[in-house]
Amino acid sequence: MADQKKIEEAVRMLLEGIGEDVTREGLVDTPNRIARMYEEIFKGMEEDPAQHLCKTFAVDSNEIVVEKDITFYSTCEHHMMPFYGKAHIAYIPDGRVVGISKLARTVEVYARRLQIQEQMTTQVADAVMEHLRPQGVMVMVEAEHMCMTMRGVSKPGSRTVTMAARGCFRDDPQLQQYFFEMIRR
């Protein structure tokens, strides 16, 4: 659980460090607002993705399941700036499926942590493999990073794409191609 008092004090120190007057009207409540915001945007640190992937349903066929265009917002651990975009997940069940909203909730758990996109991508793939035990899973994440658009190289619109393939998706180029075709429709 986040320590609101520590966050508030750190924000006050940051504001003072950049030369602001923490007693001026517009900033008096800012430390508290930021502490509450951090509790919300980092709530995934206290959540277990298993809670979303543990309830499964039997299926007769093991056809590919794709959930695409899952919007997420996350925060990069390098600059503590947002990155945001879409996640796409495909898996081939091995007799069991999960409710489709649960894939989006799994993305949300990992997105609501301080981390890097590459790690988030592999965490989602590994969680689906561990808890659903499918024949395979493929995850692709496309995101714009504010550290690339607001500062540094200042290249708005550039996207970072990461992928993770597990099980049958890892070694089957045709299956990978099918995944790419499905998410581009």
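Reckoned from all heavy atoms, side chains included, excluding hydrogens, waters and symmetry mates. This one's a predicted model, so the numbers in the text were calculated from it and none came from an experiment.
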Exercise for the section: Flag the pair R96 / L132 as yes when at least one side-chain heavy-atom distance between them is below 4.5 Å, and no otherwise. Expected result: no
Handout entry: Minimum side-chain heavy-atom gap C76-M81 below 4.5 Å
Key = no
Exercise for the section: Check whether any side-chain heavy atom of H88 lies under 4.5 Å from a side-chain heavy atom of V66, and answer yes or no. Expected result: no
Handout entry: CZ/R33: more than 12 non-hydrogen atoms of other groups inside 6.0 Å
Key = yes
Problem - Evaluation steps, side-chain contact (heavy atoms from CB on, under 4.5 Å), between F169 and I92 - result: CA-CA 9 Å; F169 278 97; I92 298 181; 3.9 Å; yes
Problem - Stepwise side-chain contact (heavy atoms from CB on, under 4.5 Å) test for T122 and R166 - result: CA-CA 9 Å; T122 60; R166 304 288 186 266; 3.7 Å; yes
Exercise for the section: Tell me whether F180 is reachable from Y178 by hopping between hydrophobic residues (I, L, V, M, F, W, Y) whose side-chain heavy atoms are closer than 4.5 Å. Expected result: yes
Exercise for the section: Taking E67 for its side chain and A104 for its backbone only, find out whether a donor-acceptor pair lies under 3.5 Å. Expected result: no
Handout entry: Y110-V139 co-clustered via ILVMFWY side chain contacts under 4.5 Å
Key = yes
Practice task
For R133, look at atom CZ and say whether over 12 heavy atoms of other residues, nucleotides or ligands are found less than 6.0 Å away.
Solution key: no
Problem - Within-4.5 Å side-chain heavy-atom neighbours: V97 and Y91 - result: yes
Problem - Working for side-chain contact (heavy atoms from CB on, under 4.5 Å), residues K86 and M140 - result: CA-CA 8 Å; K86 307 257 185 212; M140 183 169 114; over 6 Å; no
Exercise for the section: For the pair R184 and E142, find out whether any cationic side-chain nitrogen is under 4.0 Å from an anionic carboxylate oxygen. Expected result: yes
Handout entry: Within one Ile-Leu-Val-Met-Phe-Trp-Tyr cluster: V141 and V128, side-chain cutoff 4.5 Å
Key = yes
Exercise for the section: Would you indicate whether the side-chain heavy atoms of Q4 and R36 approach each other to under 4.5 Å? Expected result: yes
Exercise for the section: Identify the heavy atoms of C147 and H79 that sit nearest to each other, and give their distance. Expected result: CB-ND1, 3.6 Å
Handout entry: Pair R105 + E108: basic N to acidic O under 4.0 Å
Key = no
Handout entry: Straight-line distance of I89 CD1 to D69 CG, nearest 0.5 Å
Key = 11.5 Å
Exercise for the section: Could you tell me the separation between the CG atom of D29 and the CD1 atom of I34, rounded to the nearest 0.5 Å? Expected result: 11.5 Å
Problem - Exam field: side chain E144 to backbone G85, donor-acceptor pair closer than 3.5 Å - result: no
Problem - Flag, side chain of S74 to backbone of A111, donor-acceptor distance under 3.5 Å - result: yes
Exercise for the section: Give me the ring orientation class for F72 and F83: parallel if the planes are under 30° apart, tilted from 30 to 60°, perpendicular past 60°. Expected result: perpendicular
Practice task
Give the minimum heavy-atom separation between T23 and V28, together with the two atoms involved.
Solution key: O-CG2, 3.4 Å
Problem - Contact summary for L103 and L53, nearest pair of heavy atoms - result: CD2-CD2, 4.4 Å
Exercise for the section: Answer yes or no: are there more than 12 heavy-atom neighbours, outside E181 itself, under 6.0 Å from its atom CD? Expected result: yes
Exercise for the section: For R112 and M45, indicate whether the former's side chain and the latter's backbone hold a donor-acceptor pair under 3.5 Å. Expected result: no
Exercise for the section: May I ask whether I64 and M138 are part of the same hydrophobic cluster, defined by side-chain heavy atoms of I, L, V, M, F, W, Y residues being less than 4.5 angstrom apart, directly or through others? Expected result: yes
Practice task
For residues Q123 and R113, report the shortest heavy-atom separation together with the two atoms involved.
Solution key: NE2-NH1, 4.4 Å
Problem - D94 side chain vs Q135 backbone, donor-acceptor pair below 3.5 Å - result: no
Handout entry: Between T160 and Q117, a side-chain donor and acceptor under 3.5 Å
Key = no
Completion exercise
When every non-hydrogen atom of V22 is compared with those of L15, the smallest separation belongs to CG1-CB, 3.7 Å
Practice task
Answer yes or no: are there more than 12 heavy-atom neighbours, outside M150 itself, under 6.0 Å from its atom CE?
Solution key: no
Problem - Side-chain (K68) to main-chain (M182) donor-acceptor, under 3.5 angstrom - result: yes
Practice task
Just do the side-chain contact (heavy atoms from CB on, under 4.5 Å) check on I41 and Y73 with the steps written out, would you?
Solution key: CA-CA 8 Å; I41 66 175; Y73 300 91; over 6 Å; no
Problem - Co-membership, hydrophobic cluster, residues V65 and M129, 4.5 Å side-chain - result: yes
Practice task
Side-chain contact test, heavy atoms from C-beta onward, threshold under 4.5 Å: evaluate it for L27 versus D21 and give yes or no.
Solution key: no
Completion exercise
Looking only at heavy atoms, the pair that brings C168 and L175 closest together is SG-CD2, 3.7 Å
Handout entry: Euclidean distance, E39 CD relative to D3 CG, rounded to 0.5 Å
Key = 10.5 Å
Completion exercise
The reported gap from OG1 in T121 to CE in M163 (rounded to nearest 0.5 angstrom) is 10.0 Å
Problem - Ionic contact status for E8 with R12, cut-off 4.0 Å - result: yes
Practice task
Any chance you could measure L14, atom CG, to E20, atom CD, to the nearest 0.5 Å?
Solution key: 10.0 Å
Fill in the blank from the handout: OG1 (T30) and CZ (R24) are apart, to the nearest 0.5 Å, by 8.0 Å
Exercise for the section: Please indicate whether I100 has more than 12 foreign heavy atoms, meaning atoms of other residues, nucleotides or ligands, lying under 6.0 Å from its CD1. Expected result: no
